[in-house]
Amino acid sequence: ACQTPCPAPDTGPVTRTFRCEDGSELNVTFTRSPDFARVVQEGYTTVDLPARITGSGFRYAEGGAELRGRSIEAYWTRPGAAETLCHAQQTQ
């Protein structure tokens, strides 16, 4: 239990860096209201992907781009490119 009043849960944006097996790096900012992920990948246009329903983990997709996964592991697909496995890097 917390003291009254309880502090509000942190719902601000969270940014994670992912290194992918294809050699690319993603900087992803997750927000809750609205629930979407902004994916920045060097050499490509930044994409904002709305959250999609998933059984477990997370999934953001739109227009052929998709970021899905669980915990520190994610699969990234951009239109015209093969899916690649990415791993979140430790925050410093």
Side-chain angles (χ1 to χ4, degrees):
C2 61
Q3 297 176 355
T4 305
C6 292
D10 183 10
T11 58
V14 174
T15 300
R16 307 259 348 230
T17 299
F18 291 86
R19 293 199 193 276
C20 303
E21 289 184 346
D22 68 358
S24 65
E25 182 175 288
L26 306 177
N27 287 305
V28 182
T29 301
F30 299 94
T31 63
R32 291 280 176 233
S33 186
D35 195 356
F36 76 94
R38 172 168 282 167
V39 181
V40 178
Q41 182 179 16
E42 187 174 332
Y44 294 93
T45 302
T46 297
V47 292
D48 290 331
L49 304 174
R52 302 295 183 195
I53 295 172
T54 184
S56 63
F58 59 87
R59 180 174 176 252
Y60 299 87
E62 187 167 79
E66 180 181 56
L67 180 71
R68 63 183 171 79
R70 266 190 225 164
S71 185
I72 63 168
E73 186 174 272
Y75 291 90
W76 169 238
T77 306
R78 183 176 282 284
E83 179 177 83
T84 186
L85 175 61
C86 307
H87 296 277
Q89 302 302 292
Q90 294 288 343
T91 55
Q92 301 287 329

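- Put simply, the side chain of Thr31 does not reach to within 4.5 Å of the side chain of Arg38, judged on heavy atoms.
- In this structure the side chain of Gln41 reaches within 4.5 angstrom of the side chain of Trp76, judged on heavy atoms.
- Put simply, the side chain of Leu67 reaches to within 4.5 Å of the side chain of Phe30, judged on heavy atoms.
- Side chain of Glu66 to main chain of Gly64: no donor-acceptor pair is present (N/O by atom type, distance under 3.5 Å, no hydrogens or angles).
- Between Ser71 and Arg16, the shortest heavy-atom contact is O-NH1, 4.5 Å.
- Glu25 contributes atom CD, which lies 4.5 Å from atom CZ of Arg19 (distance to the nearest 0.5 angstrom).
- The main-chain N or O of Asp22 is found under 3.5 Å from a side-chain atom of Thr84 such that the two form a donor-acceptor pair.
- Residues Leu49 and Ala61 approach most closely at CB-N, 3.9 Å, considering heavy atoms.
- Shown here for Arg68 and Glu83, the closest heavy-atom pair between the two residues is NH2-OE2, 2.7 Å.
- Across every non-hydrogen atom of Ala74 and Phe58, the tightest pair is CB-CZ, 3.9 Å.
- None of Thr29, Val28, Asn27 except one satisfies the side chain to side chain contact (heavy atoms under 4.5 Å, CB included) rule with Val39; the exception is Val28.
- Once rounded to the nearest 0.5 Å, the distance linking SG of Cys86 with CD of Glu21 reads 8.0 Å.
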